[in-house]
Amino acid sequence: MKKTRVIESIKEMQAHCESLRLSGKKISFVPTMGYFHEGHLSLMKEARKTADHVVVSIYVNPTQFGPKEDFSKYPRDFERDTQMAQSVGVDVIFFPANTEMYPNAYQTYVDVEQVTQNLCGMSRPGHFRGVTTVCCKLFNIVKPHSAIFGKKDFQQLAAIKRMVADLNLDLEIIGLPTFREPDGLAMSSRNFYLSQEDRSSALTLIGVLRLAQKLYADGERNAAVMIKQAEKLINGAQFTAIDYITICDATTLEDVNEIKGEAVMALAVKVGKTRLIDNSVLGEELKA
Ligand code: AMP
């Protein structure tokens with residue numbers, strides 16, 4: 001298999017992608033913060049299937065972490081990531097330094113105003129501004145025809161789609177299903193932080209989503225009723241603290257009371273010291 005090339009410079013990345021575009025090649029892009037798991041690889045495999053050239057970025061973006069969050073201890077393993085990317089046929093890893101992405105005098109940010117308000121926007125102020133800013137920059141650097149994101153980060157995907165539509169960015173945004181462990185836990189680089197006890201408590205997140213799907217299938221449409229049961233389940237587990245459990249409109253991400261259109265149950269729960277998120281669109285198959 002062809003060796004995956006690593007590019008660190010923005011100018012080099014732009015020149016590389018420009019020449020691919022000029023020769024008519026389709027570029028698909030998977031932005032990541034690294035420390036790969038099967039969820040990341042599922043996005044790369046899809047990119048490999050649908051495009052001529054696959055670019056993956058590995059960049060732990062400082063502007064999306066709050067001052068008390070885990071930026072400095074976020075897990076990193078570039079060698080392992082490179083091997084995993086190579087194993088699924090990634091052509092290029094873009095691996096920029098902070099000084100390359102945010103040089104002195106940097107002062108421009110992209111702010112998507114509404115879909116970033118609720119859910120994680122409440123407990124992580126500034127997070128989505130960092131995400132949309134770095135993605136906008138990465139899109140200008142990689143110039144992809146399509147970019148692939150996971151629905152695991154549902155609000156992130158909604159914010160990126162809004163930004164691309166609002167700023168007329170010329171690429172397609174594709175969202176793929178959450179890849180789960182055999183027991184249903186959503187794969188996440190942050191699962192690495194979980195102790196053995198945390199790991200079993202973390203299963204209450206998928207438990208809640210399964211319960212919500214069951215209630216929905218049985219005809220329940222009152223969000224408060226479903227949320228109350230979900231809270232009971234999480235509060236019954238050890239080492240858990242609810243950040244939020246909500247049912248919201250799948251496009252605007254505003255809370256709903258009576259479920260009518262497409263709605264998603266989304267939750268963020270601290271398990272031990274680790275904040276985990278998960279979600280499921282009600283009425284959609286929950287693969288786990
Ligand atoms: P991250 O490295 O956590 O920033 O994630 C990079 C991309 O992988 C984002 O689009 C995430 O939504 C996606 N992703 C993370 N975990 C999963 C998962 N379990 N299944 C599918 N996609 C995922």
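Values below: all heavy atoms of this structure, side chains included; hydrogens, waters and symmetry mates excluded. Note that ligands are numbered from 1 as they come in the structure, with each ligand's atoms numbered from 1 the same way. Fair warning: this is a prediction, and the values are worked out from it, not measured in the lab.
No cation-pi contact links Arg76 to Tyr59, judged by a cut-off of 6.0 Å to the six-membered ring centre and 45° from its axis. The cationic atom of Arg190 (NZ for Lys, CZ for Arg) does not lie both less than 6.0 Å from the six-membered ring centre of Tyr74 and within 45° of the ring axis. Note that Lys73 lies in the cation-pi zone of Tyr193, set by a 6.0 Å cut-off to the ring centre and a 45° limit from the axis.
In terms of protein heavy-atom proximity, atom 5 (O) of ligand 1 is closest to His40 NE2, 3.4 Å. Protein heavy atom at the shortest distance from atom 17 (C) of ligand 1 is His37 CE1, 3.7 Å. If you check which protein heavy atom lies closest to atom 12 (O) of ligand 1, you get Asp153 OD2, 2.6 Å. Ranking protein heavy atoms by distance to atom 4 (O) of ligand 1, first place goes to Met33 CG, 3.6 Å. Annotation: atom 20 (N) of ligand 1 to nearest protein heavy atom, Phe179 N, 2.8 Å. From the protein, the heavy atom lying nearest to atom 13 (C) of ligand 1 is Leu43 CD1, 3.7 Å.
Ring geometry for Tyr102 against Tyr106 counts as perpendicular: the plane angle is over 60°, on a 0 to 90° scale with 30° as the lower cut. The aromatic rings of His16 and His53 sit tilted, their planes meeting at an angle between 30° and 60°.
Considering Gly150, Pro31, Pro177 only, the shortest heavy-atom separation from atom 6 (C) of ligand 1 involves Pro31.
The nearest pair of heavy atoms linking Leu194 to Ala202 is CD1-CB, 4.2 Å. Contact record, Ser201 with Thr240: CB-CG2, 4.1 Å, taken as the closest heavy-atom pair.
For Lys151, no nitrogen or oxygen atom sits less than 3.5 Å from a nitrogen or oxygen atom of ligand 1, counting backbone and side chain alike.
Of all atoms in ligand 1, numbered sequentially from 1 with element shown, those under 4.0 Å from a heavy atom of Thr32 are 2 (O), 6 (C).
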